[in-house]
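Heads up: the structure comes next, in structure tokens.
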There are 2 protein chains.
Amino acid sequence: MPVATPEKIAELADRLFYERGFATTSFADIAGALGISRGNFYHHFKTKDAILDAVMARRLEQRKLWLAEWAALGPRAALHRFIDILTVNEAKIMAHGCPVGGLCQELARLNHAAQPGAQAIAGLFIDWLAAQLVLAGGREELARHLFGRAQGVAALANITGDKALMQAEVKALHLWLDEVLNGE
Amino acid sequence: MPVATPEKIAELADRLFYERGFATTSFADIAGALGISRGNFYHHFKTKDAILDAVMARRLEQRKLWLAEWAALGPRAALHRFIDILTVNEAKIMAHGCPVGGLCQELARLNHAAQPGAQAIAGLFIDWLAAQLVLAGGREELARHLFGRAQGVAALANITGDKALMQAEVKALHLWLDEVLNGE
DNA sequence: GTCTATAGGCGGATAGAC
DNA sequence: GTCTATCCGCCTATAGAC
């Protein structure tokens, strides 16, 4: 008799939405993986969109924690740590893409009302990158470029499935960052 | 009384799969947009996967034509023309992302059997870029990097919806290409 | 908090009349 | 080639017993 809390449901839904996509993950999938019945599900969440909101709120808070931790390393190391998301989550990104960009793209295609929430998670990263860049003596505008470069590496890894290529692209991104921070 | 041919169906399905995604586009959507009934649909395509195959074959052939046209411009101009896909399809990419990368990502998440077909379209571009780079006196390995950069710009445009940013990123990509072709 | 039962809709797919 | 009618299964969601 498993105990399902809203947190546990959101945690599992977070994983499944990432791995299989939001639209193609059903209540039965989540309930089945959790070991509870579909009916019980509605005791915790009234609608599927409510779960999505919980998942996005969860992701937002989690990312804020990560970013705060990385910021403590100092701006330069923090920026390199951002790039290393791609290394740390290598296998997942090759299999499922970037969770942030992937959700944005899916919600955009669904014309889903929660689209701004997904974009806010991306915005959190971009604003943080801008702040770290300024602290590191770089140009603030590079934040969006860096974020886009990371998105590109994730897409390339997902499309080609080439691990060595992904590692080479990450290395190139680290080098690029050092160059722009050293005033070229 | 509209006349539905397999070509017309594939053409419309191509557009809808791009705009709304494969999984979330139903037979009713395609039939309704075409002005025919669902039943009639099966006269032309037996399964949904058969439509997907037709759409991918269609995309592959269309891209081959584009690439052949661009190659006729000469390698250097051809490579710049590739980058300008992002400019020519600006509005669509901001709204729906890159059709090539988007389909790859969606099929990966669905664990769909047609995944290799989607990757083949990306491979077509990458191989073509490699060939053009060699002809232009550049390094072949840059093909996958350039393709990934373009994917990143598309993702960034889709996430932020910022037209000026997209244009700036395209401009930067043109500059980068000139640099690597001029032997840095 | 957990379950079963069930409603109502939409998905893909089929059969057969015109 | 086009249609209507229909099947079956899965989806979200609800009601109500335990």
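In what follows, chains are A, B, ... by sequence order, proteins preceding strands, each numbered from 1.
Distance B:Ile36 CD1 to D:dT4 P: 12 Å, rounded to the nearest Å. The interatomic distance linking A:His44 (NE2) with C:dG1 (C1') rounds to 6 Å, in whole Å. Taking atom CD of B:Glu7 as the reference point, atom C1' of D:dG1 lies 14 Å away to the nearest angstrom. Across the protein-nucleic acid pair, A:Ile30 atom CD1 and D:dA13 atom P stand 11 Å apart, rounded to whole Å. Going from atom OH of B:Tyr42 over to atom P of C:dG16 covers 17 Å, rounded to whole Å. In this structure, NZ of A:Lys46 is placed 10 Å from P of D:dA15, rounded to the nearest angstrom.
To the nearest 0.5 Å, atom CG of residue A:Leu86 and atom NZ of residue A:Lys171 are 15.5 Å apart.
In this structure, A:Phe45 has its ring center at least 6.0 angstrom away from the ring center of A:Phe27.
Residues meeting the side chain to side chain donor-acceptor pair (under 3.5 Å) test with A:Asp127, sequence neighbours left out: none.
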Go through the steps for B:Glu90 and B:Gln167 under the test side chain to side chain donor-acceptor pair (under 3.5 Å), then give the verdict. CA-CA 9 Å; B:Glu90 191 180 70; B:Gln167 289 168 348; 3.0 Å; yes
Dump the intermediate steps for side chain to side chain donor-acceptor pair (under 3.5 Å) on B:Arg76 and B:His80, then the final yes or no. CA-CA 7 Å; B:Arg76 191 167 185 136; B:His80 281 290; 4.6 Å; no
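A close approach under 4.0 Å does not occur between any side-chain nitrogen or oxygen of B:His43 and OP1 or OP2 of D:dT2.
Between B:Phe41 and B:Ile9 there is a side-chain heavy-atom pair separated by less than 4.5 Å.
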Per-nucleotide protein contact string for nucleotides 4-11 of chain C, where B marks a base within reach and S marks sugar-phosphate only (heavy atoms under 4.0 Å, - for neither): B------S
